Amino acid sequence: MVDKETKTTLNKTTGLPRKRFYRARAHSNPLSDSHFPIPLFPSQFDYSQHYPHFFPASSENASNKKIQFADIGCGFGGLLVSLSTLFPDTLMIGMEIRDKVTEYVKERILGLRATNPGQYQNVSVVRTNSMKYIPNYFEKGQLTKMFFLFPDPHFKEKNHRRRVISPHLLDEYAYALAVGGIIYTMTDVEELGEWMKGCLEDHPMFETLTEEELKADPVVKLLSSATEEGQKVARNGGQTFRAVYRRITPSQ
Amino acid sequence: MEEGGESTKELEVAPALIAVNPSQQSVVVAVGSDLRVYDLREGCAASLVDESDKSFHKDSIRAIRYGVNGKLLVSAGDDKLVKIWSTDSWHCIGTVSCEKRVSAAAISNDGHYVCFADKFGVVWVVNLEEKDGTFSLVNEKAAPMLSHYCSIITSLEFSPSGCYIVSADRDYKIRVTVMPKRPLNGAHEIHCFCLGHSEFVSCLDFISSPDFQEGYLVSGSGDSTVRLWDIMSGSLLDTCEVGAKAGLIDSIEREEEQFCAVTDLCVVPNSTLIAVAIQSFKGIVLLSCNVSAKSVSFTKVVSITGETFSPTCLGMSSSEDLLWMVMGISKLPGLDCSSLVRVRAMSGFKRISEGEPIMLEDNEMPGGQKLLEKLQGSVSIEESVYVAASEALKKAMSKLLIKKHYSVENRETRKRTRNDKKFKQ
């Protein structure tokens with residue numbers, strides 16, 4: 001029985017949010033228009049609200065850093081939390097369309113910042129629809145890494161247009177990524193894995209990474225081990241399908 | 001259940017459109033599904049010939065454009081068809097089917113490609129070929145070229161050099177994409193975005209000067225501003241608060257109901273002037289653009305008196321000093337006649353420093369009464385009807401292009417009564 005008086009959404013020991021209070025439907029309609037505020041253009045994005053350590057309210061010591069990693073559909077934030085300590089000087093953001101899940105990640109980051117002074121200041125989360133608003137948040141060539149891990153498969157053919165990786169949307173992701181920037185995709189659904197790989201292969205602004213490059217990249221093994229979805233798949237003994245591509249200049 | 005007065009049986013209305021041949025050899029007006037052309041060179045109404053299976057449009061036309069120095073005309077709309085017409089023979093040389101309603105169209109500068117946008121935000125392209133001055137459609141099947149995800153595209157423009165295609169949508173965005181060598185394989189390289197408008201973007205045009213051929217982009221929006229952009233960098237050069245400057249918005253008390261959207265704009269060729277039409281405003285706002293100073297500023301308001309006429313669409317040729325304007329609606333609820341069109345023209349932009357531009361009387365217009373009879377139809381309309389039409393057009397534009405904001409309770413109610421749920425609560 002839950003003791004209603006002491007019911008709290010934060011775990012008393014770790015200070016981190018408890019998932020059961022942030023349950024949400026797994027799917028959210030990416031076609032529905034937003035009810036959340038969107039910056040009109042990238043310079044309108046409030047860095048001081050998300051990264052107060054780097055951008056204090058008094059703008060004297062404000063850094064001129066920009067966000068370089070974006071986790072699209074960050075879910076409960078597993079990947080971001082691991083990346084934060086691996087790349088402490090890089091600003092990164094998670095984008096999630098589900099309201100409750102975004103709240104969970106917010107609380108998680110705040111909790112981690114409180115219990116680990118000086119750390120996790122470079123990571124934040126925002127509730128938004130990345131399929132429509134990427135250019136509002138990021139300037140051309142701003143990002144060096146983009147993550148699309150375990151996206152909604154949208155099995156029915158008529159719903160394929162809702163998939164977060166598609167030939168047209170890759171144009172926008174290529175716009176936000178710097179030349180040389182990397183796009184990481186992973187799924188446990190084989191058909192979706194083939195689809196994403198196919199879209200990237202056919203797109204003139206992406207080329208695949210070689211096996212050596214994949215082995216050398218410390219981020220690659222985090223894709224399945226750091227995310228909650230990835231851990232679930234490993235627990236169930238499932239297979240993951242990965243496609244990692246580099247943004248290139250299109251050949252004329 | 002009552003939902004803010006909106007009923008699903010509400011009549012869908014579309015504004016009338018006008019386009020002028022670059023050398024003013026013809027003028028075309030589209031209202032509802034009707035395409036009306038007056039051939040000024042021949043001095044008579046043109047008879048369109050369409051021998052395709054799906055001949056002529058069956059539903060409201062939403063875009064009409066001339067291209068290639070006036071040799072081609074494209075029309076497209078709610079019937080999901082894009083028709084390409086030769087302006088020499090007035091024959092339909094090709095019909096392209098689209099899965100969704102078409103909201104915008106443009107012809108490439110060399111006439112090789114016709115691009116059109118559907119309601120879901122995809123811009124499609126078809127290939128034309130030219131032999132001895134005659135154009136023909138290579139393939140009736142269009143290829144998807146680029147997409148504004150899930151957003152209605154309101155305007156498509158090719159840059160003066162032809163290197164870029166600019167697309168504007170209802171989510172306040174303007175995208176500048178590089179035109180590739182093979183557009184049928186997709187236009188994947190986004191050059192830049194022009195972001196800054198705070199409401200839907202309704203119209204685009206380019207302004208250039210002899211020593212600056214590529215020119216700057218001019219855009220009009222539902223946020224009541226006209227903005228000047230450098231598409232090479234995507235930077236906003238200047239903003240003109242048209243609604244406020246024209247005295248249409250009380251800038252101290254901005255209320256929700258003050259909807260002074262820019263409905264259309266037209267750069268006056270060989271000048272620095274831009275003519276702007278504002279929703280429900282009985283006149284034209286003139287702006288002047290200083291290309292070297294990269295600025296756009298309010299010049300004057302030209303009011304139209306004598307009748308209730310608020311233009312919703314503008315057009316100009318490259319050679320004549322005449323701004324053509326149309327106000328019209330596809331159908332008016334509760335009215336006998338099927339549609340309503342009023343065409344007028346304004347002259348005197350070349351002598352702007354000496355005086356105001358003047359409205360031409362009906363008998364002073366090129367083509368005179370014959371042109372007006374063809375383009376307006378022969379029904380005489382009462383004044384009060386124009387007022388009602390203006391209101392209906394305002395509602396229609398708002399419904400199409402402005403996101404509806406529901407209260408939280410209303411949203412939850414709407415979710416519960418959605419018809420794709422297996423069981424109701």
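Note that the structure is a prediction, hence the values are computed from the model and not measured. These values consider heavy atoms only, across backbone and side chains, with no hydrogens, waters or symmetry-generated copies. Chain naming here is simple, since letters A, B, ... match the order of the sequence lines and numbering starts at 1 in each.
- Ring orientation note: the planes of Y47(A) and Y51(A) are tilted relative to one another, at an angle of 30° to 60°.
- Using the six-membered ring where Trp is involved, F147(A) and Y184(A) have ring planes that are parallel, under 30° apart on the 30 and 60° scheme.
- Only the side chain of L169(A) comes within contact range of chain B, judged by heavy atoms closer than 4.5 Å.
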(request) Evaluate the salt bridge (Lys or Arg N to Asp or Glu O under 4.0 Å) criterion for residues D78(B) and R62(B): first the C-alpha distance (whole Å), next the side-chain angles of each, then the deciding distance (0.1 Å), finally the verdict. (result) CA-CA 7 Å; D78(B) 289 351; R62(B) 295 284 182 169; 3.2 Å; yes

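- Look at K232(A) and E229(A) and you find a salt bridge, because one of the NZ, NE, NH1 or NH2 atoms lies within 4.0 Å of a carboxylate O, short of that distance.
- Salt bridge status for R161(A) with E99(B): absent, with no side-chain N to carboxylate O gap under 4.0 Å.
- Interface residue F193(B): backbone and side-chain heavy atoms are both found under 4.5 Å from chain A.
- Heavy atoms closer than 4.5 Å to chain B are found in the side chain of P42(A), but not in its backbone.
- The contact between N136(A) and chain B is made by backbone and side chain atoms together, counting heavy-atom distances below 4.5 Å.
- For E172(A), the parts lying under 4.5 angstrom from a heavy atom of chain B are both the backbone and the side chain.
- Using a 4.5 Å cut-off between heavy atoms, H191(B) contacts chain A through both its backbone and its side chain.
- Atom SG in C74(A) sits 9.0 Å away from atom CD1 in I93(A) (nearest 0.5 Å).
- Contact count against chain A (heavy-atom pairs under 4.5 Å) is highest for H188(B) among K173(B), H148(B), H188(B).
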